[in-house]
J.: 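Dropping a structure here in structure tokens format, bear with me for questions.
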Amino acid sequence: MAEFTVKKGEVNQVNVIELSGYLDAHTAPALEAAFDELINEKKFKVVVNFEHLNYISSAGLGVFMAYVETMRENKGDIKFCCLKSEVYNIFNLLGFPVLYDFFETLDEAVRKFNSEQA
Amino acid sequence: MLEYFYNQDSSVKLRNAAIVSAFLFLFRMIRPSVSSITAGFSEILTFVVIILWILYAEDKLKTKKNEPLGLVINVGVLAASVFFVFTLLNLLNARYFSVYGLQGFFTPLFLILLNALVIGVGVFIFAVFRTLYFLRQKKDLNFYFNVMAGFLAVTFIAYGVIPENSSLASLKSALYVVDVILFALNSIRVAWIAFLSKKQKITLLILSVMLIVIFSLNLSLTSPTVLSSVSKTASVIIVSFSPGLHALFNLLMLYGIINFSIVFFTTLFHLPTAAAFDRKAEEVASLTDISKLVSQVFDFDELVESITKLTIKVSESDVAWLAIKEPEELKIKAAENIGAIEAEKVTKALGQQLQEVQDVTVVASQEVKIKLLDSYRTLKFDSITIAPLKIHGVVSGFLFAGNFKKSVYDEDDLKTLGAFAYYAAVALENSMLIKESIEKERLEKELDIAREIQYKIIPSEPPKLNNLEISTIFVPAFEVGGDYFDFFRPDEENIAFIIADVSGKGISAAFVMAELKGIFETLLSRKLNPAEALIKANKILTKSLPAKEFVTITFGILNVYSGKFKFARAGHTELLRLTDSSIDEYLPDGIGVGLSAGGKFEQTLEEKEIQLNEGDFVILFTDGVTEAQNKYSEMFGLERLKRTLLQNANKNLNEILNIVMKEVSLFSKERQQHDDITLLLIKWTGNKNLTNNKEN
């Protein structure tokens with residue numbers, strides 16, 4: 001099983017969380033910690049890059065549900081990009097695309113944030 | 001023979017002593033003044049009485065040996081009472097009690113009672129001396145003491161039976177001298193003094209002076225060379241009863257003077273080191289306390305509190321606190337005589353120094369400015385001693401002991417604190433391990449209970465209907481899992497079924513399942529369409545679901561006569577329809593329950609209606625089937641499921657279920673099943689009732 005990692009970065013004043021590996025009930029706390037840090041730093045615009053994520057369980061999905069309200073209340077959002085088709089399928093079954101923005105590339109997601117600001 | 005009496009029970013000793021005493025009493029009442037023949041008999045009887053009472057008294061004193069000062073005070077009071085009684089007697093006309101005219105009843109009775117007092121006090125004093133003598137002694141000193149006691153006994157007999165004018169009279173003086181020498185030799189056994197606290201030693205110093213005075217007064221009472229009227233009165237009264245008793249009491253007083261003189265000087269010399277001795281004793285006691293804590297207290301909070309309290313005792317510091325390393329920072333877990341916030345500031349101020357602490361370290365004069373609310377306070381420490389809490393070489397936290405007053409720590413103090421910190425670390429580690437294992441057990445128990453609830457909520461047998469064949473399989477996973485399915489009969493014509501997957505686990509997931517069952521049971525009586533029912537269910541459940549939990553549901557209603565099938569999907573997996581030659585998947589729009597509190601759920605939910613043909617299967621499943629993984633982390637997937645179903649479309653329901661499950665478990669055999677697996681197969685066999693009706 002691939003190790004789960006969370007990397008934080010920034011592109012054009014938009015925060016990027018890069019995930020890799022396997023996101024489930026055991027690894028979700030690491031992602032939660034990353035979101036907590038961002039909220040502490042008053043950073044509410046987040047793109048989650050799924051390029052290297054192989055699997056997400058319901059506990060992993062729950063993390064985004066728990067934090068999206070806070071981000072949106074502070075004029076931010078959580079947007080998703082670069083999902084593998086199997087991972088996108090899981091989101092799609094649940095109806096996430098109705099509630100969240102999904103993008104093919106990181107660039108598009110960041111651009112969307114910047115255009116919202118303007 | 002003495003040994004035999006010595007080993008008797010306390011009550012037997014008391015009985016023996018009382019019997020012989022009563023005998024002596026009667027004898028002396030009948031014969032107040034003794035002739036030379038009866039004198040010997042009376043003397044031996046008195047001797048036996050004394051021995052028996054000593055045996056009894058020693059037994060009684062065994063329970064008191066932890067309070068040597070109490071014993072010493074008792075000796076003083078009793079000895080003083082003897083002097084007091086005889087002095088009083090002398091003041092009242094002593095001549096009245098002249099031994100040369102012992103007549104009547106009361107005079108001899110009074111004299112016997114006076115002597116009984118002397119015997120009683122003498123016995124008690126001797127027993128106390130013996131108890132103190134052996135107190136805290138490691139060596140076997142029985143021999144030395146017994147020699148002295150033996151000589152005392154011989155002296156008693158000698159004084160009792162040898163008349164004053166006999167040629168052997170000088171033997172008495174010789175024995176007397178030997179006794180005094182033995183007293184002096186035995187008086188150096190005062191080990192118990194060392195174990196008294198400083199305060200007790202000061203008390204003992206005063207007590208021994210008082211005792212020496214009292215003993216001296218008593219000695220003068222019984223001394224033939226002192227010719228005061230009191231001493232005459234006393235001597236006459238005691239000698240006329242028993243010359244041996246007179247000599248013994250005299251010697252005991254002498255022994256007391258010698259013994260307490262030595263006690264006085266020994267105590268005096270011990271006084272300068274008393275404080276240091278106290279401290280050592282305290283350290284030992286604290287280490288004992290903590291080793292008790294290690295084995296008895298498993299509650300973490302209680303433990304850190306006790307450890308911090310004991311730190312003050314061990315290090316003789318003003319304040320103490322305990323900090324445990326947590327992922328981000330040091331967390332103060334307990335503080336004594338200092339506020340937790342203050343302790344935290346001081347710890348922060350020590351900052352970088354802590355990183356290097358591997359052994360007990362003393363940081364000299366530390367000043368920490370503390371801002372509390374709007375006022376500033378400065379804590380001026382003369383020193384702060386830091387002891388690392390180390391387990392297997394890893395520092396897990398620190399014990400801090402702060403002193404405001406001038407204080408000096410020597411090598412021994414630091415070693416003691418180090419040992420203390422080691423025990424503390426072990427105790428804390430144990431308590432944490434126990435806490436973890438209790439927590440783990442609790443979780444397992446919770447999962448067990450949740451699983452039990454799940455089994456009770458899920459129908460054990462699918463319903464049996466004329467136009468329908470239903471087969472189900474449910475395989476719970478060990479850890480996660482919140483699969484639920486159920487069948488309802490809203491009316492005779494329709495059957496409703498639900499399949500759901502609750503995110504989350506344990507009791508909370510089981511609770512949501514129970515809620516689901518209740519909600520749908522109620523909604524169905526109101527003849528709602530699948531979409532309407534799901535919208536209502538979403539409204540109710542969104543309120544009770546935690547922010548990060550959700551439920552996926554597919555809910556359908558099938559008309560068993562017409563084969564008309566209506567269903568709606570809330571975030572759940574695809575619904576499949578299998579015919580002889582094809583397999584279709586349906587994925588009408590619909591987001592999971594609990595995902596959105598706004599109107600998105602209603603807006604997007606789509607209801608689908610399909611017409612089943614005779615022999616069609618409807619297949620519902622949870623993601624436990626499609627997300628089952630093999631060792632390469634590949635998923636079983638929808639395509640594989642569809643293919644398997646299609647290949648076996650002509651088989652009966654149970655066979656199909658078994659084949660699918662076999663495929664899934666073969667595929668994922670290298671991996672532990674990590675989610676519940678549920679599969680429902682519903683075959684509409686066509687309207688037989690209707691056909692039958694037509695035929696008739």
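Just so you know, these numbers use all the heavy atoms, side chains as well, and skip hydrogens, waters and symmetry mates. Lettering follows sequence order; numbering is per chain, from 1.
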J.: Could you go through the side chain to side chain contact (heavy atoms under 4.5 Å, CB included) check for Val63(A) and Lys548(B) one step at a time?
T.: CA-CA 6 Å; Val63(A) 177; Lys548(B) 52 179 167 178; 5.7 Å; no
J.: Which atoms of Thr604(B) come close to chain A, meaning under 4.5 Å heavy atom to heavy atom: side chain ones, backbone ones, both, or neither?
T.: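 Contact with chain A involves the side chain of Thr604(B) alone.
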J.: Work out which heavy atom in His572(B) is nearest to a heavy atom in Leu93(A); give both atom names and the distance.
T.: O-CD2, 3.6 Å
J.: Run the ring-ring contact (aromatic ring centres under 6.0 Å, His included) test against Phe474(B) and tell me which residues pass, sequence neighbours left out.
T.: Tyr455(B)
J.: Does anything in residues 78-97 of chain A pair up under salt bridge (Lys or Arg N to Asp or Glu O under 4.0 Å), and if so which pairs, sequence neighbours excluded?
T.: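 Residue pairs with at least one partner in residues 78-97 of chain A: Asp77(A)-Lys79(A), Lys79(A)-Asp101(A), Lys79(A)-Glu116(A).
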J.: Which answer fits Leu587(B), side chain, backbone, both or neither, if we ask what part of it has an atom under 4.5 Å from a heavy atom of chain A?
T.: side chain
J.: Under the side chain to side chain contact (heavy atoms under 4.5 Å, CB included) rule, what do Val98(A) and Phe601(B) come out as? Steps first, then yes or no, please.
T.: CA-CA 9 Å; Val98(A) 175; Phe601(B) 188 87; over 6 Å; no
J.: Enter the distance from Ser57(A):OG to His674(B):NE2 here, rounded to the nearest 0.5 Å.
T.: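 Spacing of OG (Ser57(A)) from NE2 (His674(B)) equals 8.0 Å.
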J.: Evaluate whether atom CD of Glu41(A) has more than 12 neighbouring non-hydrogen atoms of other residues, nucleotides or ligands under 6.0 angstrom away.
T.: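 Check passes, neighbour count above 12.
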J.: Ile90(A) versus Glu627(B): any side-chain heavy-atom pair under 4.5 Å?
T.: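 SC-SC contact between Ile90(A) and Glu627(B) confirmed.
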J.: Which members of residues 64-74 of chain A, sorted by number, sit under 4.5 angstrom from chain B on a heavy-atom basis?
T.: Met65(A), Ala66(A)
J.: Just jot down the ring-ring contact (aromatic ring centres under 6.0 Å, His included) partners of Phe103(A), sequence neighbours excluded, or say none.
T.: none
J.: Measure distances from Glu574(B) to the heavy atoms of chain A and classify the residue's part below 4.5 Å as side chain, backbone, both or neither.
T.: both
J.: Does Phe44(A), at its CZ atom, have more than 12 non-hydrogen atoms belonging to other residues, nucleotides or ligands within less than 6.0 Å?
T.: yes
J.: Heavy-atom count around Lys517(B) NZ within 6.0 Å, excluding the residue itself: above 12?
T.: yes
J.: Check whether any side-chain heavy atom of Ser633(B) sits under 4.5 Å from a side-chain heavy atom of Tyr55(A), and report yes or no.
T.: no
J.: Which residue out of Gly62(A), Pro97(A), Gly95(A) racks up the most heavy-atom pairs below 4.5 Å with chain B?
T.: Gly62(A)
J.: Heavy-atom count around Glu439(B) CD within 6.0 Å, excluding the residue itself: above 12?
T.: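 Count over threshold, so yes.
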J.: Measure the CD-CG distance between Glu549(B) and Leu61(A) for me, rounded to the nearest 0.5 Å.
T.: 12.0 Å
J.: Tell me if the NZ atom of Lys331(B) is crowded by more than 12 foreign heavy atoms within 6.0 Å.
T.: no
J.: Determine whether more than 12 heavy atoms belonging to other residues, nucleotides or ligands lie under 6.0 Å from atom NZ of Lys642(B).
T.: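 More than 12 heavy atoms, drawn from other residues, nucleotides or ligands, come within 6.0 Å of this atom.
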J.: Does any part of the side chain of Leu94(A), heavy atoms only, come nearer than 4.5 Å to the side chain of Ile591(B), both counted from C-beta?
T.: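 No, too far: nothing below the 4.5 Å cut-off.
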